[in-house]
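Worksheet: one structure, shown below.
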There are 2 protein chains.
Amino acid sequence: MAHAARFVDMDWTDASCPVARTLDLVGDRWILLIVRDAMDGARSFSDFQHRTGIARNILSDRLRRLLERGVLDRQPAPSGRRQLYVLTDAGRDLFAVIVAMRQWGERHAFGPGESHSVLVGESGLPLAELRPTDSRGSTATVDTTTVVRED
Amino acid sequence: MAHAARFVDMDWTDASCPVARTLDLVGDRWILLIVRDAMDGARSFSDFQHRTGIARNILSDRLRRLLERGVLDRQPAPSGRRQLYVLTDAGRDLFAVIVAMRQWGERHAFGPGESHSVLVGESGLPLAELRPTDSRGSTATVDTTTVVRED
DNA sequence: GCGATCAGTTGCATTTTGCTACCAACTGGA
DNA sequence: TCCAGTTGGTAGCAAAATGCAACTGATCGC
């Protein structure tokens with residue numbers, strides 16, 4: 001299936017801006033918490049319900065949207081009747097977004113005395129800080145970048 | 001002002017998770033579009049209103065929240081009565097989050113024939129892809145990382 | 001069969017949005 | 001000076017989204 005086929009009927013907040021499209025697709029508190037938990041091993045309806053504490057009807061709605069939008073996929077569980085929700089490649093690709101949010105939260109949403117969970121790599125050490133870079137490898141910031149609108 | 005002072009009265013969805021705290025602070029469609037526009041030069045109430053198309057009462061509310069949460073700061077405009085909203089350091093630090101969302105959108109929210117705006121560095125070329133890495137510099141993915149909860 | 005668990009759906013009250021109108025302060029021009 | 005236009009909001013109300021609790025079925029262990 002082509003990317004676009006799924007989104008023909010979407011009416012985007014700002015169709016030409018990838019940030020706005022991303023927000024239209026996954027820019028919802030619960031959706032991103034569901035994705036976070038899926039990345040951390042949650043698979044079943046009640047996994048997500050217990051971890052997030054979300055209301056069951058809302059969870060049901062969000063899982064449906066995530067299936068429609070190609071972020072999650074359904075799989076019959078190997079034993080038993082239970083269905084599992086697993087991340088698609090597009091869903092797994094949200095990793096950078098979740099990491100960016102995690103790192104911002106670590107820097108700006110905790111006081112000196114407060115502890116928080118940590119995302120670690122295979123070495124057991126925390127990840128390096130995400131650093132946007134331009135095409136030549138030097139650090140890019142708000143001040144060194146511009147949005148160029150399409151023709 | 002200490003980080004924590006501003007957030008003493010917040011009741012977090014999941015206090016120990018930086019992702020959840022970030023979502024509690026800025027995990028809102030309109031808030032992130034406002035931040036996007038602030039990064040692209042928007043400063044006044046009506047700049048934001050025109051660019052996003054948001055309802056004025058909601059914009060008013062979101063700007064107030066962003067001030068409270070230390071993402072935006074108010075400055076009296078040099079000439080005239082107009083106030084300007086400018087990003088704080090914490091706000092500017094959301095750059096990586098916005099870039100991550102932009103890149104995900106470019107990869108997964110556009111069909112082959114559709115064009116979109118592009119974020120370019122000083123060279124005029126698009127930024128490189130954000131790549132989460134572990135402490136040794138090798139690529140980190142969903143499969144090679146784990147969340148370790150605090151003690 | 002019987003209770004427990006899982007995966008939802010339904011109904012209803014509360015909250016949040018979004019629209020439209022309104023208002024007050026200032027600005028520029030005739 | 002007067003008047004229109006712009007800026008930065010607030011107020012009121014209808015529509016949509018959310019959250020809670022109860023209910024439904026299907027299955028699993030015993």
Side-chain angles (χ1 to χ4, degrees), chain A residues 9-15 20 23-38 41-69 71-87, chain B residues 9-15 20 23-38 41-69 71-87:
Chain A
D9 55 345
M10 286 285 291
D11 58 329
W12 307 102
T13 300
D14 179 349
L23 288 168
D24 284 339
L25 291 172
V26 297
D28 172 274
R29 244 162 56 82
W30 291 129
I31 280 187
L32 285 168
L33 288 177
I34 290 167
V35 169
R36 173 201 66 174
D37 289 337
R43 292 283 174 275
S44 67
F45 189 92
S46 44
D47 282 350
F48 293 109
Q49 216 262 310
H50 293 134
R51 296 204 199 196
T52 59
I54 187 175
R56 304 155 76 71
N57 53 345
I58 305 296
L59 176 57
S60 183
D61 176 77
R62 293 300 186 277
L63 289 172
R64 185 168 25 235
R65 283 192 211 177
L66 286 166
L67 293 172
E68 280 169 17
R69 295 173 184 183
V71 176
L72 291 180
D73 202 4
R74 245 169 194 241
Q75 287 185 351
S79 78
R81 174 196 44 82
R82 233 155 74 185
Q83 311 250 359
L84 299 182
Y85 297 91
V86 297
L87 290 166
Chain B
D9 55 344
M10 288 283 293
D11 59 329
W12 307 102
T13 302
D14 180 349
L23 288 168
D24 285 339
L25 292 172
V26 297
D28 171 274
R29 243 162 55 82
W30 292 128
I31 280 187
L32 286 168
L33 288 178
I34 290 168
V35 169
R36 173 202 66 175
D37 288 338
R43 293 283 173 274
S44 68
F45 189 91
S46 44
D47 282 351
F48 292 110
Q49 216 262 311
H50 293 133
R51 297 204 199 197
T52 59
I54 186 174
R56 302 154 73 73
N57 54 346
I58 306 297
L59 176 57
S60 184
D61 175 77
R62 292 301 186 278
L63 290 172
R64 187 168 23 230
R65 284 193 211 176
L66 286 166
L67 293 172
E68 281 168 17
R69 295 172 186 182
V71 176
L72 291 180
D73 202 3
R74 246 172 192 237
Q75 286 185 353
S79 78
R81 177 191 47 82
R82 234 153 76 183
Q83 313 249 359
L84 298 182
Y85 297 92
V86 298
L87 290 166

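We name chains A, B, ... by the order of the sequence lines, and we start the count at 1 in each one.
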Expected rows: protein N/O vs nucleotides 17-23 of chain D N/O, under 3.5 Å:
| from | atom 1 | to | atom 2 | distance (Å) |
| --- | --- | --- | --- | --- |
| D:dT18 | OP1 | A:Arg62 | NH2 | 2.8 |
| D:dT18 | OP2 | A:Arg62 | NH1 | 3.3 |
| D:dT18 | OP2 | A:Arg62 | NH2 | 2.7 |
| D:dG19 | OP2 | A:Trp30 | NE1 | 3.2 |
| D:dG19 | N7 | A:Asn57 | ND2 | 3.2 |
| D:dC20 | N4 | A:Asn57 | OD1 | 3.4 |
| D:dC20 | N4 | A:Asn57 | ND2 | 2.5 |

> Should A:Phe45 and A:Gln83 count as side-chain neighbours, where that means a heavy-atom distance under 4.5 Å?
Replying inline: no
>> Rounding to an integer number of Å, can you tell me how far A:Asp47 CG sits from C:dA7 P?
In response: 8 Å
>> Going by side-chain hydrogen bond (donor to acceptor under 3.5 Å, both in side chains), name the residues that satisfy it together with B:Asp73, two or more places apart in sequence or in a different chain.
In response: none
> At their closest point, which heavy atom of B:Arg51 faces which heavy atom of B:Gly41, and how far apart are they?
Replying inline: NH2-C, 3.8 Å
> What nucleotide among D:dT7, C:dG8, C:dC6 has an atom nearest to a side-chain atom of A:Arg74?
Replying inline: C:dG8
>> Among residues at least two apart in sequence or on other chains, which ones pass side-chain hydrogen bond (donor to acceptor under 3.5 Å, both in side chains) with B:Ser44?
In response: B:Asp47
>> Just the rounded figure in Å: distance from P of C:dG8 to CD of A:Gln83.
In response: 7 Å
> With sequence neighbours left out, what residues match B:Thr13 under side-chain hydrogen bond (donor to acceptor under 3.5 Å, both in side chains)?
Replying inline: A:Arg29, B:Asp24
>> Would you say B:Tyr85 and B:Arg43 are linked by a side-chain donor-acceptor pair, where the criterion is simply a distance under 3.5 Å?
In response: no
> Considering only heavy atoms from C-beta outward, does the side chain of B:Val71 approach that of B:Val26 to under 4.5 Å?
Replying inline: yes
>> Rounded to whole Å, how long is the line connecting atom CG of B:Leu59 with atom C1' of C:dG18?
In response: 13 Å
> Is there a side-chain polar atom (N or O) of B:Ser60 under 4.0 Å from OP1 or OP2 of D:dG9?
Replying inline: no
>> Rounded to whole Å, please give me the gap between CD in A:Gln49 and P in C:dT9.
In response: 14 Å
> Taking only residues two or more places apart in sequence or in another chain, which ones pass side chain to side chain contact (heavy atoms under 4.5 Å, CB included) with A:Ile58?
Replying inline: A:Trp30, A:Ile54, A:Ala55, A:Arg62
> Tell me, do A:Met10 and A:Leu25 make a side-chain contact under 4.5 Å, heavy atoms counted?
Replying inline: yes
> Using the C1' atoms of the five pairs at each end, what is the angle between the end axes of the helix from C:dG1-D:dC30 to C:dA30-D:dT1, to 10°?
Replying inline: 20°
>> Rounded to whole Å, please give me the gap between CG in A:Asp11 and P in D:dA16.
In response: 13 Å
> B:Tyr85 near the nucleic acid: base, sugar-phosphate alone, or nothing, with a heavy-atom cut-off under 4.0 Å?
Replying inline: sugar-phosphate
